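The structure under discussion appears below in the form of structure tokens.
In the text below, chain A, chain B and the rest are named by the order of the sequence lines, each starting its count at 1. Computed over heavy atoms, backbone and side chain alike; hydrogens, waters and symmetry mates excluded. This structure is a prediction, so every number in the text was calculated from the model and none was measured.
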Amino acid sequence: MSIFALNLIPFNMLTQLIKESALAALQHFYHDETFTIDSVNVNETKAEFKGDYTIVLFPFIKMLRCKPDELGQRLGGYLIQNNSQLFTEFQIVSGFLNLRVSDQFFTSLLQQNWHNADYGTTKSTAKKIMVEYSSPNTNKPLHFGHLRNIFLGYALGNILKQNGNDVVKANLINDRGIHICKSMVAWQRYANGATPQSTDIKGDHLVGDYYVKFNDVYKAEIAALLVQGMDEKQAEKEASIMQEAQQMLRQWEAGDPAVYNLWQTMNAWVYEGFAVTYKKLGVDFDKMYYESNTYLLGKSIVEKGLEKGVLFRKEDNSVWIDLTDEGLDQKLLLRGDGTSVYITQDIGTAVLKYNDFNLDQSVYVIADEQNYHMQVLQLILKKMGEPCAAGIYHLSYGMVELPTGRMKSREGTVVDADDMIAEMLRMAQEQTEQTGKADGFSAEELNQLYTTIGMGALKFYLLRVDPKKKMIFDPKESIDLHGFTATFIQYAHARICSILRKEQLSVMPAINTFEGLTLNEKLTKAEKDILMALEQYPNIIETTATEMNPSVLCNYSFQLAQLFNTFYDQHSISKAENEEKKQLRLMMIVMVAQTLRHGMKLLGIDLPEKM
RNA sequence: GGACCGGUAGCUCAGUUGGAUAGAGCAUCAGCCUUCUAAGCUGAGGGUCAUUGGUUCGAAUCCAAUCCGGUUCACCA
């Protein structure tokens with residue numbers, strides 16, 4: 001058996017290889033039966049048994065009318081004889097065939113990929129995919145809930161791109177409507193011309209303050225009207241500040257220059273603020289959409305739908321679609337006065353996106369409270385025969401809640417995004433100083449380090465949970481920097497870099513560094529565990545992409561770091577038993593570091609070389 | 001009420017194309033730094049996988065019913 005022979009084996013699918021080998025063996029012994037690759041069930045062998053991978057024999061024994069032991073002996077024997085470069089021994093334990101995979105398989109995998117910066121890249125599916133995320137309103141700053149959306153969208157964009165797709169990262173700005181007018185009215189009434197410059201308040205926060213102010217005043221006005229004996233519904237309508245806001249919306253739609261000007265000015269403040277936050281978050285967009293630009297297109301598409309007879313008009317002139325045959329209701333698409341509703345704009349944007357980029361798929365990162373809305377949107381587009389309908393995918397994620405319940409901006413219970421970022425950096429600093437690891441860095445390096453650690457922790461915290469699950473965040477307990485965190489992974493990486501520095505190697509040594517190395521030493525359990533994990537990385541990337549679930553990658557990266565830490569504790573690298581072992585281990589940790597960096601980069605998380 | 005999502009250790013979460021004695025982290029307890037970074041490692045305790053029934057050689061995973069929690073069903077966005 002030579003390592004050379006293994007060069008012909010594709011290394012990205014060990015379980016697939018095992019399945020194929022087992023299938024061939026089955027076909028060899030039982031010609032008359034038809035087997036499928038999917039009927040071969042391969043799992044990692046449980047720790048308490050000898051072996052690496054396990055084939056479950058039960059599915060076959062019924063069909064073949066034989067005893068598990070008998071089948072296991074035949075299969076095991078055949079596999080070892082005919083795939084000697086892959087399997088070295090087998091054992092049958094009550095219906096399970098446990099196979100030991102050769103050390104050479106793993107060391108060859110390592111030799112061929114330790115320097116491969118693209119390890120983990122899977123076959124190109126080459127689709128044109130848009131990922132829309134963030135999508136803020138321009139009446140208030142970003143809060144903690146938005147962060148989950150933003151990190152998910154950004155990570156997803158990277159991951160889809162990694163899988164060979166052409167990705168457009170898009171942001172749809174909700175910049176028009178009554179809610180925007182609210183902060184404008186309050187600013188006009190109470191700000192005395194205050195600007196971000198004059199107050200030294202970040203633009204999005206300044207505007208957000210007046211949105212809060214609006215609601216305070218509105219509540220007070222309602223209360224006053226109630227005292228006068230008005231009923232609640234009427235009071236909500238009659239409150240003067242609300243009337244002003246509605247008046248302003250009408251003026252805006254009519255193109256009133258003064259209102260339009262104010263709208264542009266205040267939105268510009270918000271965009272400046274958002275830009276600062278996005279930069280801190282390390283995210284970006286290829287394309288911006290503004291609802292003020294798309295809502296008219298939505299209207300025109302609705303008109304087309306009327307002509308086609310897909311939609312219908314009621315007596316009051318409002319336009320509807322009938323979705324009762326889909327088990328849903330009738331939905332309003334245009335008001336009686338001809339103005340658009342929420343979904344009208346979304347119809348316009350969906351079509352515009354499709355036309356702009358000829359998309360195969362359009363991913364919407366939107367909270368799960370909009371599941372119904374997205375379902376309706378897709379149905380409407382389908383009924384109207386719009387080609388964009390087929391590619392719409394709603395990546396629905398659960399809300400981030402406080403222990404006391406949902407965050408509500410009107411009730412002042414939101415955790416502000418900028419505050420959260422600052423808090424994370426502060427914690428990173430505190431923790432670093434506490435453990436006495438702040439020495440040997442310049443002030444600038446320290447700042448960089450605190451950002452890397454703080455932002456990494458924040459991103460990982462929000463990405464490590466399955467998106468569809470809601471999550472509870474307790475600001476009082478804040479975010480830990482121990483255990484299942486980005487810090488843990490960063491630390492493992494820094495340890496590896498430290499060893500490499502000591503060995504005078506760079507983080508990614510020259511390709512000929514380990515040339516001429518023969519690998520005859522037997523692998524220890526800790527070494528093999530790491531190599532087995534590395535072997536699985538391409539599959540992990542693929543799963544993360546197909547399931548659109550970055551938490552898969554979070555879990556994997558944490559496990560890999562954990563395996564490294566265990567290995568690190570048990571074995572010395574610099575003082576390995578012999579030179580061959582040392583070189584092997586160096587090669588291993590280079591690949592571990594490379595893989596961790598690769599995965600974390602997709603999530604938008606940096607790994608420091610020193611911490 | 002209808003639709004959708006969730007319920008796994010004290011807490012936060014993995015694990016579901018059905019596989020062996022259900023796993024991590026935090027918290028608790030006990031160990032490990034004259035040797036490559038202890039932001040780490042090793043071990044212990046902690047579970048009727050919401051409940052009940054069914055399918056199966058085998059169920060946290062599939063099916064049915066029930067209970068609990070959330071979201072949604074606006075001429076708001």
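Checked against a 6.0 Å centroid threshold, the rings of Phe460(A) and Phe558(A) do not count as neighbours. The ring of Phe96(A) has its center closer than 6.0 angstrom to the ring center of Phe58(A). Taking the six-membered ring wherever Trp is involved, the centroid distance between the rings of His373(A) and Tyr342(A) falls below 6.0 Å. Here Tyr364(A) and Tyr393(A) keep their ring centres 6.0 angstrom or further from each other.
Listed nucleotides: A77(B), A39(B), A14(B). Nearest to the side chain of His179(A): A77(B). In this structure, of C41(B), U37(B), C57(B), it is C57(B) that holds the atom nearest to the side chain of Phe58(A). The side chain of Gln562(A) sits closest to C41(B) out of C75(B), C41(B), A20(B). For Val341(A), the listed nucleotide lying nearest its side chain is C75(B); candidates were C36(B), C75(B), A39(B). Comparing C36(B), C13(B), U72(B) against the side chain of Met471(A) picks out C13(B) as the nearest. Listed nucleotides: A77(B), C41(B), U17(B). Nearest to the side chain of Lys19(A): U17(B). Listed nucleotides: A39(B), C13(B), G19(B). Nearest to the side chain of Asn43(A): G19(B). Nearest nucleotide to the Lys502(A) side chain, out of C36(B), A77(B), G6(B): C36(B). Here A20(B) is the nucleotide among A20(B), C76(B), G70(B) with the atom lying nearest to any side-chain atom of Glu48(A). Here the side chain of Lys469(A) is nearest to one of G70(B), G7(B), A77(B), namely G7(B).
In this pair, Trp263(A) and Trp252(A) present their aromatic rings perpendicular. The plane angle is above 60°, beyond the 30 to 60° band. Ring geometry for Tyr461(A) against Phe144(A) counts as tilted: the plane angle lies between 30° and 60°, on a 0 to 90° scale.
A14(B) atom P lies 19 Å from atom CD of Gln536(A), rounded to whole Å. Distance, Gln570(A) CD to G43(B) P: 9 Å, rounded to whole Å. Across the protein-nucleic acid pair, Tyr461(A) atom OH and G25(B) atom C1' stand 12 Å apart, rounded to whole Å. Atom CD in Glu609(A) sits about 14 Å away from atom C1' in U37(B), given to the nearest Å. The distance between atom CG of Leu332(A) and atom P of C73(B), rounded to the nearest whole Å, is 14 Å.
Residue contacts for Asn139(A): at a heavy-atom cut-off of 4.0 Å it reaches no nucleic acid atom on any strand shown. Residue-level contact check: Asp337(A) touches neither bases nor backbone, having no heavy atom under 4.0 Å from any strand. Backbone-only engagement by Ile472(A) is indicated by non-hydrogen atom pairs under 4.0 Å involving sugar-phosphate atoms exclusively. Contacts of Thr566(A) with the nucleic acid, taken as non-hydrogen atoms under 4.0 Å apart, involve only primed sugar atoms and P, OP1 or OP2. Using a 4.0 Å heavy-atom cutoff across all strands shown, Ser551(A) reaches no nucleic acid atom at all. Using a 4.0 Å heavy-atom criterion, one finds that Ser396(A) contacts no nucleic acid atom at all. Heavy atoms of Phe488(A) sit under 4.0 angstrom from primed sugar atoms or phosphate atoms, though from no base atom. Lys46(A) comes within contact range of at least one nucleobase, with a heavy-atom separation under 4.0 Å. Heavy atoms of Met399(A) sit nowhere under 4.0 angstrom from any nucleic acid atom. Looking at heavy-atom distances under 4.0 Å, Glu369(A) makes contact with sugar-phosphate atoms alone, never a base. Within 4.0 Å of Asp329(A), counting heavy atoms only, lie sugar-phosphate atoms of the nucleic acid but no base atom. Using a 4.0 Å heavy-atom distance criterion, His571(A) is classed as a base contact. Nucleic acid contact for Lys610(A): base, since at least one base atom lies under 4.0 Å from a heavy atom of the residue.
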| field | Working for side-chain contact (heavy atoms from CB on, under 4.5 Å), residues Phe564(A) and His493(A) | value | CA-CA 9 Å; Phe564(A) 166 76; His493(A) 181 261; over 6 Å; no

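C29(B) and U72(B) have their P atoms separated by 42 Å, given to the nearest Å. When the P atom is compared between A74(B) and C11(B), the two are found 37 Å apart, to the nearest whole Å. When the P atom is compared between U8(B) and A14(B), the two are found 11 Å apart, to the nearest whole Å. Across the C1' atoms, A64(B) and G23(B) are found 29 Å apart, a figure rounded to whole Å. When the P atom is compared between G45(B) and G2(B), the two are found 46 Å apart, to the nearest whole Å. Comparing A59(B) with U21(B), their C1' atoms sit 16 Å apart, to the nearest whole Å. Distance check on atom C1': A22(B) versus G46(B) gives 14 Å, rounded to whole Å. The C1' atoms of G6(B) and A60(B) are separated by 14 Å, rounded to the nearest whole Å.
Glu445(A) has no carboxylate O lying under 4.0 Å from a charged side-chain N of Lys610(A), or vice versa, which leaves the two without a salt bridge. We find that Lys582(A) and Glu577(A) are not joined by a salt bridge, their nearest charged nitrogen and carboxylate oxygen being 4.0 Å or further apart. Using a cutoff of 4.0 Å between basic side-chain nitrogens and carboxylate oxygens, Lys468(A) and Asp368(A) are not scored as salt-bridged. Checked for salt-bridge contact, Arg426(A) and Glu423(A) meet the test: a charged N lies under 4.0 Å from a carboxylate O.
For A74(B), neither phosphate oxygen OP1 nor OP2 lies less than 4.0 angstrom from any side-chain nitrogen or oxygen of Arg335(A). For A38(B), one of the phosphate oxygens OP1 or OP2 lies less than 4.0 angstrom from a side-chain nitrogen or oxygen of Tyr568(A). Dashed line: the shortest gap from a side-chain N or O of Ser574(A) to OP1 or OP2 of C36(B) is not under 4.0 Å. Residue Tyr342(A) has no polar side-chain atom (N or O) positioned under 4.0 Å from OP1 or OP2 of A77(B).
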| What dot-bracket string describes RNA chain B from 5' to 3', counting Watson-Crick and G-U wobble pairs whose defining distances are under 3.5 Å, with [ ] for crossing pairs and | for pairs to another strand? | ((((((((.[[[[.)...(...]]]].(((((.......))))).....[[[[[..)....]]]]])))))))....

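Closest-nucleotide positions on RNA chain B for Asn174(A) and Val465(A) were compared, and the one nearer the 5' end corresponds to Val465(A). For the pair Gln559(A) and His482(A), nearest-nucleotide mapping onto RNA chain B gives the more 5' position to Gln559(A).
For the atom pair Gln429(A) CD and Thr451(A) OG1, the distance stands at 10.0 Å (nearest 0.5 Å).
Within 3.5 Å, a donor on the side chain of Asn98(A) pairs with an acceptor on the base of A20(B), or the reverse. Counting atom types as modelled, Thr485(A) pairs no side-chain N or O with a base atom of A39(B) as donor and acceptor under 3.5 Å.
Both stacking criteria are satisfied for Phe96(A) over the base of A20(B): a centre-to-centre distance under 5.5 angstrom and an angle between ring planes under 30 degrees. A distance cut-off of 5.5 Å between ring centres, combined with a plane angle under 30°, places Phe49(A) in a stacking arrangement with the base of A20(B).
The glycosidic torsion of C73(B) lies more than 90° away from 0, which places this base in the anti conformation.
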